[in-house]
Amino acid sequence: MIRNLRELYQFRELLKNLVIKELKLRYKRSVLGFLWTMLNPLMMMIILTIVFSHMMRFDMKNFAIFLLCGLLPWNYFSHSLSMSTMSLISNANLINKVYIPKAVFPLSIIFSNMVNMILSLIPLFILMVFMRIEIQSSVMLIPILLLNLILFTAGISLFISCLNVFFRDFTHMIEIIVTAWFYLTPIIYPMDMIPAKYEMLFKLNPLVYIIGSFREVIFYGRVPSFSFMINSIVVAFVSFFIGYWYFYRNEKQVIYYI
Amino acid sequence: MTDNLAISINNVSVKYKLFHERSLTLKETAINFLKGKRDKYEYLWALKGINISIKKGETVGIIGQNGSGKSTLLKVIAKILEPSEGKIQYNGKLSAMIELGAGFSAELTGEENIYLNGAILGLSKTDIHKKFDEIVEFAELEKFIDIPVKNYSSGMYMRLGFALSTAVDPDILIIDEILAVGDESFQKKCFKKLNEFKQKGKTIIIVSHDLNSIERMCNKAYLIKEGKLISEGHPKEVISFYRNLISRGEIEISNIPNRLGGGEVRIKEVRFYNSSGVVTDYFNTGDTLKVRIEYHASKRIDKPVFGVAIHSENGVHINGPNTKLSGFEIDFIEGEGALEYIIKSLSLMEGSYYFAAAIFDYTCTQPYDYWDRCRHFYVSNGSINEKYGLFYMPSEWRRV
C-alpha cells in the first residue's frame, strides 16, 4: 500500500495536468470563466435567502451567511461524489491503453473541485465584509478544515468510483444517498434545532464534524471544541484509509470489468 | 536477471473469468445472494506459461492469429494487465503505443494535449518543455498546435500520438499494430524513427499482422497460438512456419473477429483457389484467383446478395463488387451451398491483402453474415518487373 502511494506520488505531474484539464474544460467557452465559481454560490444564496427569510420566515440574523458556510463545503462534497462515480468508467479507453495508477482519475476530480471550493470562499468573505460581520481569527483554522474535507471526500470518492465499475447501478443509488445525507446534516438548519433525543444519532454522522466545523469558524467565529476537532480529523483519516484500501485491493480487477 | 536482458518474462499466465451468468448490478447481486444463486463462470487462459527473454537492443515481433493472446501478452508487458501467474522483470524505462493518441482530450489544443499526454506517459514538465519543439516538428503541426485536436485530421492526430510516444525516449518501446495505419509518408517516417531507435541500441517489441514489416524490422520473432508460445527464432523461419500452419489449416480462424449480421445465413468458409484448383493463399500478379464462399441457410432466403471486398494492408479499399451490382441475381438459397467469385487476372502488386465476404438482403442494408477482412492473401510479383503502387495494368511503351 505504501509502495502504491509512492507510485502515485511519481505520477503527481499527471495528476496536476488532469486537474488543469478539468478546470480548463469546465470554463472553456464561457465568457465569465472562473467568475462562475464565485457567482454560483452568490446566486444560490440570494435565492435561498429570499425563500427562507421572506417566505418560510426563518428567524435568524444573517441567515444567508449561515447557509453559505454549510452549503459551500456540502457542494464540494456532493459534486465530487457524483463526478467521481463515473471517473473510472469514462476513462476506460485510457485505462485499457496506458499504464497509469488508476487513483489519479477520482483524485483529479477531488483536487479540481477544491480549487473551485477555495475560489468560492472569496465571495463569501466579501459578503461578510459587506454585511458588516466581523471575521474572527478562528478562520485561520480553515486550511485544516479543508484538508479534512479533502481526505473525507477522497476516501468516499475512491470507494464509489471503484465500486461503480463492478456494479453499474450504483450511480443511481448514490444520488438517493446524497439527497438523504443533505437533509440529515445540519446545513440548512442549525445544529441546536435538533431535538435532544436525536442528538446522539446526529453525532454519528461524520459530516456533522466535517461540514459543521466550517460554520463554527466562519459564521460563529469560534474555535470548535477540542473533541469536535479531533472527531473531524479522525473521521477524515478513517474515511480516506478505508476508501484507499478498498481501491488499492480492487484496482487490478478493474480492467477486466471496465 | 542478467544485465544484458531488457525484459525477462518468467512463466507468465493470464486467466480471464468468462461469465455465463453474472449479476451486473448491486440489486441483482443482492437478490441472487438471497436466492443462493452465485455467478457462473469458468476460467479462460488467455496466456499459459510464457517464457521469453528479450535482450537489450533487440527488435522482436510477436505474431499470431486474432484471439491467439498476442495482444494480451503485449498488455501484460506494458503493465496494463497484471499476470495471474508468473512475473516480468524490466531493465529500463518502458513506453507503450497500444493506440496512438489514446489520451487526447478533444477540446484541448495540441499544445495542451502534449503536456497532458506527456504526463500520462510519465514525462515531467521540464522534459516535455525541452522536447516540445521536437515533438511539434516531427508531427508537422507547427501551424496547428494551438487549435483543439478535435479539428485535427486523422493523420495529424496519429502523427502527434507517435511523436509523443517516441519523445518519452524509452529504453523499451512497445508497439501494437499501429504501423498498419496512416498514409505512406507517415509510415515511412515511423519506420525511420524506429530505425533510429534501433541504432541507439533500444529494445523494440512489435505486435503486428503485417508479416512483411515484422520480417523487415525484427531480428527475432515469436509465434503465439492459443495462449502458448509455439515457435521462436529468426523472423523468416517463424513466419514461414506460421504461413505453413495456416495453409495446412492447422491455425483456423474459428472466431471471426469482425463478424456482423443476423445469422439466418452463415458463411461457413472462405477459401482461395489458384487456376489449377488448389487451395492456397499465395498468388502471382496476373494469376487467376478463385474465391469459394460456402454457406448454410437455416431457412429459405429470397434474393440474397453476396458481396466481397479487398482491402490493402493499410486499409485502402480496393474493390467491392456484389452479385446485385454485377447483375447476377440469385432467386433464393436454402440449406448448404457455395458460390464462387473469380478474378480472371489479378492486377494487384506485391503485398498482402485483406478479403471480406458478406451476404446481404436484397436492399443491401441488412447483413445476414459479414466477415469483415477475415482472410488474407498474398501476392508476389512473379514475372512482373514493376514495383511501385498497388496495381499492375498490362500496358506497353511506344515511341512516336
Side-chain angles (χ1 to χ4, degrees), chain A residues 4 7-30 85 89-102 104-105 108 112 160 163-174 176-177 248-258, chain B residues 14-19 22-30 41 44 46 71 74-84 94-109 112-128 148 161 164-165 174 176 178:
Chain A
N4 206 259
E7 188 183 56
L8 204 55
Y9 178 73
Q10 280 167 357
F11 275 84
R12 64 193 181 281
E13 190 70 31
L14 171 61
L15 193 53
K16 200 176 88 191
N17 272 286
L18 284 175
V19 170
I20 294 171
K21 173 192 144 190
E22 289 280 341
L23 292 171
K24 268 189 182 150
L25 290 185
R26 200 172 307 170
Y27 298 111
K28 214 147 209 180
R29 287 215 220 115
S30 77
T85 345
I89 294 166
S90 56
N91 282 298
N93 187 40
L94 205 49
I95 290 171
N96 267 308
K97 299 288 152 60
V98 197
Y99 171 72
I100 319 174
K102 294 166 195 63
V104 296
F105 297 112
S108 68
S112 64
I160 59 176
L163 193 65
N164 199 46
V165 173
F166 305 125
F167 305 108
R168 300 292 169 96
D169 61 341
F170 199 71
T171 326
H172 309 295
M173 282 176 65
I174 198 74
I176 302 167
I177 295 172
Y248 163 77
R249 289 288 304 254
N250 291 284
E251 181 180 30
K252 290 188 178 114
Q253 288 302 314
V254 164
I255 188 136
Y256 295 104
Y257 289 84
I258 211 156
Chain B
V14 172
K15 59 180 175 183
Y16 285 94
K17 270 183 193 170
L18 188 68
F19 285 97
R22 192 195 142 192
S23 340
L24 276 161
T25 62
L26 218 49
K27 198 177 84 187
E28 267 179 68
T29 311
Y41 60 82
L44 187 80
S71 290
L74 206 69
K75 280 188 173 179
V76 173
I77 300 175
K79 297 192 201 170
I80 296 167
L81 275 178
E82 177 105 342
S84 318
L94 191 82
S95 172
M97 282 195 239
I98 308 278
E99 187 184 299
L100 289 180
F104 285 170
S105 183
E107 292 285 335
L108 296 181
T109 67
E112 289 163 337
N113 265 306
I114 289 179
Y115 280 96
L116 177 62
N117 279 271
I120 288 174
L121 297 168
L123 287 177
S124 75
K125 197 175 175 177
T126 42
D127 283 343
I128 304 170
L164 260 163
S165 307
I174 297 175
D176 185 12
I178 51 175

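Residue numbers begin at 1 in each chain, while the letters A, B, ... track the order of the sequences.
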Closest heavy-atom contact between B/N113 and B/F104?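 Looking at all heavy atoms of both residues, the shortest contact is OD1-CA, 3.5 Å.
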
Can you say whether [X] sits under 4.5 Å from chain A via the side chain, the backbone, both, or neither, judging by heavy atoms?
X	answer
B/L123	backbone
B/T29	side chain
B/E82	both

Specify which of A/N91, A/I100, A/V98 makes the most heavy-atom pairs with chain B at under 4.5 Å. A/V98

side-chain contact (heavy atoms from CB on, under 4.5 Å), paired with B/I120, selected from A/V104, A/L14, A/N17: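 Exactly one candidate clears the test, A/L14.
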
Min side-chain heavy-atom separation [X]-[Y] under 4.5 Å:
X	Y	value
A/L94	A/F105	yes
B/K125	A/E13	yes
B/K75	A/I255	no

Side chain / backbone / both / neither for [X] at chain B, heavy atoms under 4.5 Å:
X	result
A/N96	both
A/K97	both
A/I20	neither

Of the listed residues (B/S105, B/S124, B/A78, B/G122), which shares the most heavy-atom pairs with chain A below a 4.5 Å separation?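 Result: the option with the highest number of such pairs is B/S105.
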
Backbone N or O of A/K102 within a donor-acceptor pair of the A/E251 side chain at under 3.5 Å?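 Here the side-chain-to-backbone pair exists.
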
